[in-house]
> 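Submitted below is the structure of interest, expressed as C-alpha cells.
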4 protein chains.
Amino acid sequence: MIGSINYYRNMNDDSFSFFWKGIIVKRNRPKFKQIIDAAVVVIAENGYHQAQVSKIAKQAGVADGTIYLYFKNKEDILISLFQEKMGTFVETIETELKQVKTASDKLLVLIQQHFAQLSEDTHLAIVTQLELRQSNKELRIKINDVLKGYLDLMEKIIQEGITEGEFSEELDKKLARQMIFGTIDETVTTWVMNEQKYNLNQLAKPIHHMMARACGSQIFEKKV
Amino acid sequence: MIGSINYYRNMNDDSFSFFWKGIIVKRNRPKFKQIIDAAVVVIAENGYHQAQVSKIAKQAGVADGTIYLYFKNKEDILISLFQEKMGTFVETIETELKQVKTASDKLLVLIQQHFAQLSEDTHLAIVTQLELRQSNKELRIKINDVLKGYLDLMEKIIQEGITEGEFSEELDKKLARQMIFGTIDETVTTWVMNEQKYNLNQLAKPIHHMMARACGSQIFEKKV
Amino acid sequence: MIGSINYYRNMNDDSFSFFWKGIIVKRNRPKFKQIIDAAVVVIAENGYHQAQVSKIAKQAGVADGTIYLYFKNKEDILISLFQEKMGTFVETIETELKQVKTASDKLLVLIQQHFAQLSEDTHLAIVTQLELRQSNKELRIKINDVLKGYLDLMEKIIQEGITEGEFSEELDKKLARQMIFGTIDETVTTWVMNEQKYNLNQLAKPIHHMMARACGSQIFEKKV
Amino acid sequence: MIGSINYYRNMNDDSFSFFWKGIIVKRNRPKFKQIIDAAVVVIAENGYHQAQVSKIAKQAGVADGTIYLYFKNKEDILISLFQEKMGTFVETIETELKQVKTASDKLLVLIQQHFAQLSEDTHLAIVTQLELRQSNKELRIKINDVLKGYLDLMEKIIQEGITEGEFSEELDKKLARQMIFGTIDETVTTWVMNEQKYNLNQLAKPIHHMMARACGSQIFEKKV
DNA sequence: CATGAATGAGATTTCATTCAT
DNA sequence: AATGAATGAAATCTCATTCAT
C-alpha cells in the first residue's frame with residue numbers, strides 16, 4: 001500500500017495516460033489538500049452523514065463545483081482523504097522504525113506512533129475511527145485497500161520476529177496481524193468514544209506488553 | 001446488559017407501566033420476530049442503505065404499515081434486531097460457559113461460541129460486522145449499550161483469571177478486554193469481507209492461544 | 001335547517017328506507033352521543049389534524065371499529081357533531097326568542113344567546129370557531145348547509161324588523177344577515193384565539209348596538 | 001405590519017445579518033414570485049390538500065428541488081404567498097386612501113378596494129377565503145400576524161372617525177374593527193362559495209352604508 | 001479556472017377503514 | 001353488537017452532480 005499511497009506523488013513516468021496526469025497535477029495543487037483538510041474538519045464536526053459536499057466546499061473556501069475539478073465524486077474525496085492521511089501516517093511510522101532493531105521494539109514503536117499521531121490530530125481520529133466506518137461496503141473495501149500497506153508492515157515485523165527467534169515459530173502471521181490491528185483499533189475507538197478523556201499514549205506500553213507476549217516473546221517473562 | 005437483554009422475556013412483574021407492557025406484548029407476538037428475521041435477511045442481501053422498510057415488510061410477508069405496529073420507526077427495528085440477536089448470542093455463550101472451570105478455558109469457549117454462532121448464521125454475521133456499522137452515531141451508541149453486556153462478561157472472565165492466578169496480576173482488565181474483543185471482531189470482519197471463504201471456527205484455538213499468552217497464562221509455554 | 005337538524009330525531013315516517021331507519025335508530029343509542037362528545041373533546045384538545053379516529057374511539061371508550069357502526073366515515077362524525085350541537089344551539093335560541101317582541105330585541109337575545117352558549121362550552125367554541133374550519137371545502141359546504149337554518153332565522157328577524165318599521169326599508173336582507181353573522185363570528189373567533197381571556201357575554205350589548213344602528217334602527221339615536 | 005410586509009422590499013440596510021440578506025436576495029429573484037403565483041393557481045384549482053409541492057413546481061416550470069432554494073418548506077410557501085399578496089393588497093388600499101379625506105369615505109374606499117382586488121383575482125380570493133383556512137393552527141397564527149397590519153389600518157380609520165366627530169364617541173374601536181372585518185370577510189366568503197356568480201363590487205356601497213351607520217355616522221340619516 | 005443555481009430521484013411514516021373473530 | 005389487528009396509498013424534502021456563464 002505504501003507504494004499505492006505514494007503512487008501519485010512520486011510519479012514521474014511519462015507513459016501514464018493524460019487522464020491520470022491531470023489528476024496527478026491536481027493532487028499537487030494547493031486546493032487539493034485544502035479540500036481534504038476541509039473534509040476532515042467537516043466530517044469530524046458534523047458526522048459522516050451530515051458532511052455534505054456543499055459544507056466541505058464552504059469550509060474549504062471554494063464553490064461546490066470546484067470540488068469536482070479535483071475529485072471525481074464525493075467518494076473520491078473520502079478515499080483521497082484516507083490515502084493522503086494514511087500515507088503520511090505510515091511514512092512517519094516507517095521513518096521511526098528505521099532506528100529500531102528488534103521486532104518487539106518495532107512493535108512498540110509502531111503502537112506508540114499510531115497512538116501519538118492520532119492523539120495529535122483528534123479530528124483525524126474521529127474521522128477514521130468513527131465517521132468513515134459509516135460509509136457503505138464498497139467504500140470500506142476501497143479504504144481497506146489503502147489500509148493494506150499498513151497491515152503488510154505489521155506482518156513484516158511479525159515475520160521478522162519469527163525469523164529472528166523473538167516470536168514463537170508456531171505464530172500464525174495473519175492472525176497475529178489481525179490481533180495487533182484489532183487491538184490497536186479497538187483501543188483507539190474506545191478512546192475516541194470516551195471523548196479522548198484519558199491519555200492514549202500511555203496505553204502503548206501495556207498493550208505492547210500483551211502483544212509481545214501473545215506473539216510468544218519471552219522478554220517479559222519473569223526470570224527464575 | 002445481560003439483564004437488559006433478557007428484560008422483556010423474563011418479565012412477570014405486574015408493577016411495570018402500561019406503556020412497557022404494550023411493548024412487551026408486542027415483543028412476544030410472532031410477527032415481531034418475523035419482522036426482525038426479515039430485516040436480517042434484507043439487510044444482509046441488500047446492504048444497510050438499500051434495506052427499505054417496504055423490502056423488509058415484503059420479506060416478512062406483512063404490509064408496510066404493520067411494521068409500525070411493532071416498531072416505533074426504522075431505527076427501532078435495527079436496535080431491536082441487535083437486542084434480540086445479541087441477547088440470544090450472549091445467553092448461549094453464558095450457558096456454555098457454565099460447564100467450564102478455568103478462565104483460560106472460558107476464554108476458549110467464548111471465542112469458539114462467538115465464531116460458531118456467526119459461522120452458522122452468515123446473514124447475521126454480515127449484518128453485525130459490516131452493515132449495522134453504517135448506522136449513524138446515535139444508533140451506534142444504542143448498539144454499544146447492548147454490546148456492553150458482552151464486554152462485561154469478558155471482563156468478568158479476565159478478573160477471574162487474575163484472581164485465580166491463571167493470568168498475570170499486572171494485567172490491565174480493561175485493556176485486555178479491548179484486546180480480546182478487538183481481536184475477535186477484526187478476525188470475524190476479515191472473514192466476512194473475504195466472503196467467508198475459510199473456516200472461521202478453526203481460528204478459535206490459535207487466537208485463544210495468543211489471547212491466553214497475552215494475559216500471561218503459562219499453560220502454553222514450553223516446559224524446559 | 002332547523003328542520004333538517006331535527007330531521008332524524010322527530011321522524012316517525014314509515015316510508016323511509018330501511019337504511020335510514022338503521023341510522024335513526026343509531027342516533028338514539030347512547031354510544032352515538034358518546035362518540036360525538038368524545039370527538040368534541042379530542043378535537044378541542046388536539047386540534048383538527050391530530051384528531052384521529054382511534055383517539056376519538058379511545059376517548060369514547062369504544063373500539064375503533066365500533067365508530068363505523070354509528071358513522072359512515074370520519075367526515076360523518078364531524079357533520080353529525082355539527083348537526084347535533086347546532087341543533088341544540090338553534091333550538092335554545094328559538095325558545096328564548098319566543099319571549100321577545102321587537103326585532104331589535106330579538107337581535108339582542110340572539111347575540112346574547114350565541115355568546116352565552118359558546119362561553120359555557122369552550123370545547124365546542126374551539127371546535128366550531130377554529131378546528132372545524134380546517135376541514136376541506138367539501139365538508140365545509142356540508143357544514144354550511146347545517147348553518148343555513150341559523151342564517152335563515154337571522155334573516156327572518158331582519159325581515160320582521162323591516163316589516164314592522166324598526167329597520168330601514170332600504171336594508172338588504174341578505175347583506176344584513178351576512179353582516180350580523182360575520183360580526184358575531186369574528187367576535188367569537190377573536191375571543192377564542194385570545195384564549196377566552198375576557199368575558200364574551202358583555203360584548204353582546206355593544207355589538208347589538210352597532211348591528212341595530214346598521215339596520216337603521218333609531219332607538220339608540222339621541223333624542224334632540 | 002405594513003412595515004413588516006414591506007420589510008424585504010424596501011430594505012437597504014447593510015447592518016442586517018447575512019442570513020436575512022440571503023433570504024432577501026431570494027425574494028427579489030424572479031423565481032420567487034413565479035413559484036408563489038404558481039402556488040396560488042394550483043391551490044385555487046386543486047384545493048389546499050391537493051396542492052402538492054410537485055404540482056406547484058410543475059406549474060412554476062421549475063424542478064421540485066428548486067422550490068427549496070427559495071422556501072424553507074411547504075408551509076413557508078404559503079406564508080410567503082400570504083405576505084406577498086397581502087403586502088400588495090394593503091399597499092394598494094393605502095395608496096387609494098391617501099386621496100380621501102373623511103373616515104367614512106376611507107371606509108368606503110377600503111371596502112371597495114378590498115372587493116375590487118379580490119374580484120380581479122378570483123384565484124387569490126379562493127385561496128385566501130377558503131383554502132388557506134384549512135392550514136393548521138400554527139400556520140394560521142402566522143397568517144394572522146400578517147393580517148394584523150390590515151386590521152390596524154381599519155382601527156386607525158375608526159379612531160380617526162371618532163376623533164373627527166364623524167363616528168360615535170362611544171364606539172368600541174376593537175369591536176367596530178371586528179365588525180368591519182367580519183362583515184367584509186363573510187361577504188367575500190359567501191361570494192366565493194357561490195362561485196362568484198354575482199358582482200361583488202356593487203355590494204361595497206350598501207355594506208359601507210351599514211358599517212357607517214353602525215359606527216354612528218349621521219350622513220345617511222334622513223334629514224327631517 | 002471557478003462559480004453556484006438548478007436538477008430530480010427516492011423513502012419513511014400515518015391513519016382511515018375493513019373484516020375475521 | 002363489538003373488537004382491534006392489519007392494511008397500503010401517498011407526499012415532503014435532501015443533496016450529489018452538472019453545466020452555462
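In what follows, chains carry the letters A, B, and so on, assigned in the order in which the sequence lines appear, proteins first and then strands, with residues in each chain numbered from 1.
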> Of all heavy-atom pairs between D:E84 and D:K33, which one has the smallest distance, and what is that distance?
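Heavy atoms only, the tightest pair is OE1-NZ, 2.8 Å.
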
> How long is the straight-line distance from OG of D:S80 back to CZ of D:F32, given to the nearest 0.5 Å?
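Between atom CZ of D:F32 and atom OG of D:S80 there are 4.5 Å.
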
> Can you tell me how far the CD atom of A:Q83 sits from the CG atom of A:L78, to the nearest 0.5 Å?
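These two atoms lie 11.0 Å from each other.
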
> Calculate, to the nearest 0.5 Å, the distance between atoms CD1 and CD1 belonging to B:I67 and B:I56 respectively.
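Those atoms lie 6.0 Å apart.
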
> Need to verify one output field. Residue with the more 5' nearest nucleotide on DNA chain F, B:G61 or C:A63?
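Residue closer to the 5' terminus by nearest nucleotide: C:A63.
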
> Just N and O in the side chain of C:K31: are any of them under 4.0 Å from OP1 or OP2 of F:dA1?
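No, C:K31 has no side-chain N/O under 4.0 Å of OP1/OP2 on F:dA1.
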
> Over how many whole Å does the gap from A:N136 atom CG to F:dA16 atom C1' extend?
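So the two atoms are 14 Å apart, to the nearest Å.
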
> May I have the distance from A:Y48 (atom OH) to F:dT14 (atom P), rounded to whole angstrom?
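Atom OH in A:Y48 sits about 19 Å away from atom P in F:dT14.
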
> For B:N46, which of B:K55, B:Q59, B:E131 qualifies under side-chain contact (heavy atoms from CB on, under 4.5 Å)?
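Of the listed residues B:K55, B:Q59, B:E131, the side-chain contact (heavy atoms from CB on, under 4.5 Å) partner of B:N46 is B:K55.
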
> In whole angstrom, give me the gap between the C1' atoms of E:dC1 and F:dT21.
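Going atom to atom, C1' in each nucleotide, I get 13 Å.
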
> Starting from C1' on F:dA16, measure out to NZ on A:K55 and report it in whole angstrom.
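One finds 14 Å between C1' of F:dA16 and NZ of A:K55, rounded.
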
> So which atom in A:T66 and which in A:K31 form the shortest heavy-atom distance, rounded to 0.1 Å?
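Heavy atoms only, the tightest pair is CG2-CD, 4.4 Å.
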
> Expressed in angstrom and rounded to an integer, what is the separation of B:Q34 atom CD from F:dA6 atom C1'?
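From B:Q34 CD to F:dA6 C1': 12 Å.
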
> Return the value, rounded to whole Å, for the distance between atom CD1 of D:I67 and atom C1' of F:dC15.
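From D:I67 CD1 to F:dC15 C1': 17 Å.
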
> Between protein and nucleic acid, restricted to nucleotides 14-18 of chain E and to nitrogen or oxygen atoms under 3.5 Å apart, what atom pairs and distances do you find?
unit_1, atom_1, unit_2, atom_2, d
E:dC15, OP1, C:Q52, NE2, 2.9
E:dC15, OP2, C:Q52, NE2, 3.1
E:dA16, OP1, C:K74, NZ, 2.9
E:dA16, OP2, C:V53, N, 2.9
E:dT17, OP2, C:Y68, OH, 3.0
E:dT17, OP2, C:K74, N, 2.9

> Which whole-number value in Å describes the distance from A:D76 CG to F:dA16 P?
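For the pair A:D76 CG and F:dA16 P, the rounded distance is 14 Å.
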
> Testing A:V40, A:D76, A:I143 for side-chain contact (heavy atoms from CB on, under 4.5 Å) with A:L81, which one passes?
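Only one option passes, and that is A:V40.
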
> Could you spell out the base pairing of DNA chain F as a dot-bracket line? Use Watson-Crick and G-U wobble contacts where both distances are under 3.5 Å, [ ] for crossing pairs, | for partners on a different strand.
.||||||||||||||||||||

> I need the CG-C1' distance between A:L139 and F:dA16, as an integer number of Å.
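Going from A:L139 (CG) to F:dA16 (C1'), I get 15 Å.
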
> Determine whether A:Q52 and A:K74 make a side-chain contact, defined as any pair of heavy atoms from C-beta on separated by less than 4.5 Å.
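With C-beta onward as the side chain, the pair stays apart.
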
> How many Å lie between CG on D:N46 and P on F:dA10, as a whole number?
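Between P of F:dA10 and CG of D:N46: 15 Å.
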
> CE/C:M86 to CG/C:L124 distance, rounded to the nearest 0.5 angstrom?
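Separation between the atoms: 9.5 Å.
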
